[in-house]
Amino acid sequence: MILRVIDTETCGLDGGVVEVASVDVVEGQIVNPMSDLVSPDRPISIEAMAIHHITEEMVEGKPRIAKVIGRYQGSPYYVAHNAAFDRAMLPEMHGRWICTVKLARKAFPGLKYSNQHLRYALRLKVDLPEGLWPHRALYDCYVTAALLQRIMQETGWSAEEMAEITEQPVLLRTLKFGKYRGRPIEAIAQEDPGYLRWMLKSIDDLSPDMRYTLTHYLTP
């Protein structure tokens with residue numbers, strides 16, 4: 001059974017892949033690292049460059065994502081940290097998706113769930129090749145793979161069970177944007193339910209998890 005951990009770096013939150021990478025988790029071992037810089041279909045934002053440090057010069061002359069994505073295909077399961085984002089960037093991947101953010105929320109409640117926070121909070125052992133650094137796709141794949149290994153060791157979940165957890169909506173704890181950013185959603189529902197009703201009605205691109213959460217707290 002192959003679990004292919006995959007990650008993308010982009011031009012910004014609205015997409016435009018500039019790098020794709022993966023590693024495979026096979027019988028508990030991390031193997032088969034792959035990585036490609038990609039020429040995007042739009043300019044790289046300064047904000048994105050400040051995070052991953054991939055510049056226009058680095059991707060000049062590189063192939064488009066359609067030219068390289070074939071070698072990343074073929075796994076029955078794809079694993080990503082915040083899989084909804086990477087799945088949207090890679091619609092060509094037709095296996096089932098496993099999200100380590102959702103799994104970590106269920107397995108390790110009460111933490112922060114960025115890759116790097118989980119790496120140090122859980123004291124993950126990450127065997128990184130030289131020359132990799134955070135927010136590059138292959139580096140993040142190794143951290144996500146180590147997190148996946150820990151989750152499987154702690155819970156005993158099978159790939160099928162992890163895919164099923166990923167496909168279920170998750171009850172979120174705090175609001176990540178807007179005037180109540182950082183506040184518990186349950187408290188906002190008690191103090192200002194009209195604001196949450198406005199979000200449901202007016203914000204078209206709310207994630208399925210956020211819609212589920214708002215509906216949950218607004219239902220008598």
Could you check if a side-chain atom of Arg105 sits within less than 4.5 angstrom of a side-chain atom of Leu172, using non-hydrogen atoms only?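 Side-chain contact under 4.5 Å: yes.
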
When you compare the side chain of Tyr217 with that of Gln190, does any pair of heavy atoms fall below 4.5 Å?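 No, their side chains stay 4.5 Å or more apart.
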
Quick one: do [X] and [Y] make a salt bridge, cutoff under 4.0 Å?
X: Arg173; Y: Glu186; answer: no
X: Arg136; Y: Glu9; answer: no
X: Arg211; Y: Asp209; answer: no
X: Lys179; Y: Asp192; answer: yes
X: Lys62; Y: Asp36; answer: no

Quick one: do the Asp24 and Ser75 side chains pair a donor with an acceptor below 3.5 Å? no

For residues Thr100 and His81, is any side-chain donor paired with an opposing acceptor at under 3.5 Å?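 Judged by distance alone, the side chains do pair up.
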
Quick one, Asp7 with Ser22, criterion side chain to side chain donor-acceptor pair (under 3.5 Å). Give me CA distance, side-chain angles, the key distance, then yes/no. CA-CA 6 Å; Asp7 186 72; Ser22 72; over 6 Å; no

From CA spacing to verdict: side-chain contact (heavy atoms from CB on, under 4.5 Å), Arg96, Glu164: CA-CA 9 Å; Arg96 294 183 75 185; Glu164 289 177 356; 4.0 Å; yes

Can we call the ring centroids of Tyr139 and Trp133 under 6.0 Å apart?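 Not close enough - the centres of the two rings lie 6.0 Å or further apart.
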
